[in-house]
Peer 1: 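Here's a structure for you.
This is a predicted model, so every value here is computed, not measured.
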Amino acid sequence: MRKIDKKQADAYFRTRTTLVTIYLLIGFSASFGVVMFAEELSGFSVNGMPFHYFMGAQGAVLTFIILLFVNAIVNDRIDKKFGLDQDLENKK
């Protein structure tokens, strides 16, 4: 991995930290947030199940899997933006 200057490293770290915080908030909302508001969310259904039950049974897992793919794609783009992608290093 090549060395980068401090300003660029700080911007990279700030961007990655912000994204991790966003992903954690989404994960918290998908798992605990739905449980906290289960009574209010039971008013509509997904696949014939009340929404809070669907999220507990399948929705939270699907949300986490989608977050994994989104994280991988976004991190690749951030690495390219800051010139830290591995494709560039493998070509040398």
Peer 1: Roughly how far apart are Tyr23 OH and Asn71 CG, rounded to 0.5 Å?
Peer 2: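 Result: 4.5 Å between the selected atoms.
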Peer 1: What's the spacing between Ile26 CD1 and Ile66 CD1 if we round to 0.5 Å?
Peer 2: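 That separation rounds to 10.5 Å.
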Peer 1: Heavy atoms only: give me the nearest Met36-Phe28 pair and the separation to one decimal.
Peer 2: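 Here Met36 and Phe28 meet closest at CE-CZ, 3.6 Å.
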Peer 1: Output yes when Asp76 and Lys81 qualify as a salt bridge under the 4.0 Å nitrogen-oxygen rule, no when they do not.
Peer 2: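 Judged by the 4.0 Å cut-off on N to carboxylate O distance, Asp76 and Lys81 do not form a salt bridge.
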Peer 1: For Phe64, does the CZ atom sit with more than 12 other heavy atoms under 6.0 Å from it, leaving out its own atoms?
Peer 2: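 Yes - once you tally the heavy atoms of other residues, nucleotides and ligands closer than 6.0 Å, there are more than 12.
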Peer 1: Evaluate the side-chain proximity of Arg16 to Asp79: yes if any heavy-atom separation is below 4.5 Å, no if none is.
Peer 2: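 Touching, per the 4.5 Å side-chain cut-off.
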Peer 1: Above 12 or not: heavy atoms from other molecules or residues under 6.0 Å from CD of Glu39?
Peer 2: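 Not buried by this count: 12 neighbours or fewer within 6.0 Å.
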Peer 1: For Phe54, look at atom CZ and say whether over 12 heavy atoms of other residues, nucleotides or ligands are found less than 6.0 Å away.
Peer 2: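 Yes, enclosed.
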Peer 1: I need the minimum non-hydrogen distance between Thr63 and Ala30, along with the two atoms involved.
Peer 2: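 Taking Thr63 first and Ala30 second, the nearest heavy atoms are CG2-CB, 3.7 Å.
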Peer 1: Please give the remaining members of the hydrophobic cluster of Leu24, linking ILVMFWY side chains under 4.5 Å, ordered by chain and number.
Peer 2: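 Direct or chained contacts put Leu24 with Val20.
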Peer 1: Decide whether Leu67 and Leu25 are clustered together by the hydrophobic rule: side chain heavy atoms of Ile, Leu, Val, Met, Phe, Trp, Tyr closer than 4.5 Å, transitively.
Peer 2: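 No; tracing contacts between hydrophobic side chains, which count when under 4.5 Å, never links both residues.
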Peer 1: Check for me, please, whether Phe44 and Tyr53 land in the same ILVMFWY cluster - side-chain distances under 4.5 Å, paths through other members count.
Peer 2: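 In one cluster: yes.
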Peer 1: Group every Ile, Leu, Val, Met, Phe, Trp and Tyr by side-chain heavy-atom contacts under 4.5 Å, then state whether Val70 and Ile78 land in the same group.
Peer 2: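 Hydrophobic grouping puts Val70 with Ile78.
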Peer 1: Measuring from Phe51:CZ to Met55:CE, what's the distance to the nearest 0.5 Å?
Peer 2: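 Result: 5.0 Å between the selected atoms.
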Peer 1: Less than 4.0 angstrom from a charged side-chain N to a carboxylate O is my criterion; do Arg14 and Asp10 meet it?
Peer 2: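 The answer is no: the pair does not qualify as a salt bridge.
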